[in-house]
Undergrad: 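Mind having a look at this structure? Questions to follow.
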Amino acid sequence: MKKASIKEAMYEDAVKEYGNLIFNYIFSLVKHKELTEDLYQEVLISAYIAFPSFEEYEKVKSWLYKIAINKCRDYWRKEKKAKRFWEESVYMYIRDTSVSMPPEETILDQCSKKEMLDTLDELPKMYSEPLMLFYYHHQTLIEISNKTQVPLSTIKTRMKRAKDKLKPKMENKFVYLT
């Protein structure tokens, strides 16, 4: 038997012996059948690719578990990044200053900024201050936290709540042109 086919046979034996355990382990971590199936496939692919260079066959079970937990961590990292509601860079609209706006748009933009400032003044200071510092003074969330002596997580929460309070107020003020 060739060395490659021996490794493939050993890989198949490992998957047959530990495959269900790895699948159940992933399921215990993510609690979602379809996601478990996807992550399990990624584990098998990664293990298959790395198996030819794997030497410690008596540790294959722990090696497969390590690949599984790393795949789960990668997934959680991606999800966390995708679901961060406080990631303010997503909400920022940065205008290209090299392109000039028509006069009508400039006036509308100035009016909407004034309306926004007026509406911000209606909010309690604890909600309006972080928004003002972030959007109008271009400070980072960490700078706002340091300046106000409020924990970063509290700043994020206050900004989220302020936006939730602003949304219905601003919907009433905007007039859509047709």
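Residue numbers count from 1 along this sequence.
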Undergrad: Show the numbers, then the answer: is there a side chain to side chain contact (heavy atoms under 4.5 Å, CB included) between Val150 and Arg158?
TA: CA-CA 10 Å; Val150 176; Arg158 287 181 181 176; 3.9 Å; yes
Undergrad: To the closest 0.5 Å, what do you measure between CZ (Phe23) and OG (Ser28)?
TA: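 So the gap between those two atoms works out to 11.0 Å.
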Undergrad: I need the minimum non-hydrogen distance between Ala68 and Val43, along with the two atoms involved.
TA: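 Heavy atoms only, the tightest pair is CA-CG2, 3.5 Å.
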Undergrad: What are the two closest heavy atoms between Phe134 and Gln139, and how far apart are they?
TA: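 The answer is CD1-O, 3.2 Å.
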Undergrad: Could you tell me which non-hydrogen atom of Lys33 sits nearest to which non-hydrogen atom of Phe27, and how far apart they are?
TA: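 Reported closest heavy-atom pair: N-CE1, 3.7 Å.
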Undergrad: Same cluster for Ile6 and Phe54 if Ile/Leu/Val/Met/Phe/Trp/Tyr side chains link at under 4.5 Å?
TA: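 Yes, it is one cluster - the side chains of Ile6 and Phe54 are joined through contacts under 4.5 Å.
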Undergrad: Run the side chain to side chain contact (heavy atoms under 4.5 Å, CB included) check on Arg161 and Tyr127 step by step: do they pass?
TA: CA-CA 7 Å; Arg161 289 180 182 164; Tyr127 293 128; 3.7 Å; yes
Undergrad: Is there a side-chain contact between Leu44 and Tyr11 in this structure, where contact means two heavy atoms from C-beta onward sitting under 4.5 Å apart?
TA: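 Side-chain contact under 4.5 Å: yes.
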Undergrad: Give a yes or no answer on whether the side chain of Lys71 reaches the backbone of Leu39 with a donor-acceptor pair at less than 3.5 Å.
TA: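 No, Lys71 side chain to Leu39 backbone: no donor-acceptor pair under 3.5 Å.
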Undergrad: Assigning hydrophobic clusters by single linkage (Ile, Leu, Val, Met, Phe, Trp, Tyr; side-chain heavy-atom cutoff under 4.5 Å), is Ile67 placed with Ile45?
TA: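 No, no single cluster joins them.
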Undergrad: Could you report the tightest heavy-atom contact between Asn146 and Gln149, atom names first, then the distance?
TA: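 Answer, listing the atom of Asn146 first, then Gln149: O-NE2, 2.7 Å.
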Undergrad: Rounded to the nearest 0.5 Å, how far does NZ of Lys147 lie from NE2 of His137?
TA: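 The NE2 atom of His137 sits 7.0 Å away from the NZ atom of Lys147.
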Undergrad: State yes or no: do Ile142 and Ile144 share one hydrophobic cluster built from I, L, V, M, F, W and Y residues joined by side-chain heavy-atom distances below 4.5 Å, directly or via other members?
TA: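 Yes; Ile144 is reachable from Ile142 via cluster members.
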Undergrad: Rounded at 0.5 Å granularity, tell me how far CG in Leu64 sits from CD1 in Ile69.
TA: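 One finds 13.5 Å between CG of Leu64 and CD1 of Ile69.
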Undergrad: Decide if atom OH of Tyr48 counts as having more than 12 heavy atoms of other residues, nucleotides or ligands within a radius under 6.0 Å.
TA: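 No, because the 6.0 Å sphere around OH of Tyr48 holds 12 heavy atoms or fewer from other groups.
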Undergrad: Can a salt bridge be assigned to the pair Asp164 and Lys160 using a cut-off of 4.0 Å between side-chain N and carboxylate O?
TA: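 So Asp164 pairs with Lys160 through a salt bridge.
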Undergrad: Evaluate side chain to side chain contact (heavy atoms under 4.5 Å, CB included) for Tyr25 paired with Tyr18, printing each intermediate quantity in order.
TA: CA-CA 10 Å; Tyr25 176 65; Tyr18 304 117; over 6 Å; no
Undergrad: Which distance, rounded to the nearest 0.5 Å, do you find between the OH of Tyr40 and the CG of Leu35?
TA: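 So the gap between those two atoms works out to 15.0 Å.
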Undergrad: Evaluate Glu17 against Val60 for side chain to side chain contact (heavy atoms under 4.5 Å, CB included), listing each step before the verdict.
TA: CA-CA 10 Å; Glu17 187 172 348; Val60 72; over 6 Å; no
Undergrad: How close do Lys125 and Pro130 get, counting heavy atoms only, and between which atoms?
TA: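 In terms of heavy atoms, the two residues are closest at O-CD, 4.2 Å.
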Undergrad: Are the side chain of Tyr57 and the backbone N or O of Ala14 linked by a donor-acceptor pair below 3.5 Å?
TA: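 Looks like no, no N/O pair under 3.5 Å.
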Undergrad: For Ile155 versus Ser145, what's the shortest heavy-atom pair and its separation?
TA: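 Scanning both residues, the minimum pair turns out to be CG1-CA, 4.0 Å.
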Undergrad: Rounded to the nearest 0.5 Å, how far apart are CZ of Phe51 and NZ of Lys7?
TA: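 That separation rounds to 6.5 Å.
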Undergrad: Can you check whether Leu131's main-chain N or O pairs, donor with acceptor, with Lys163's side chain at less than 3.5 Å?
TA: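 No: the side chain of Lys163 does not pair with the backbone of Leu131.
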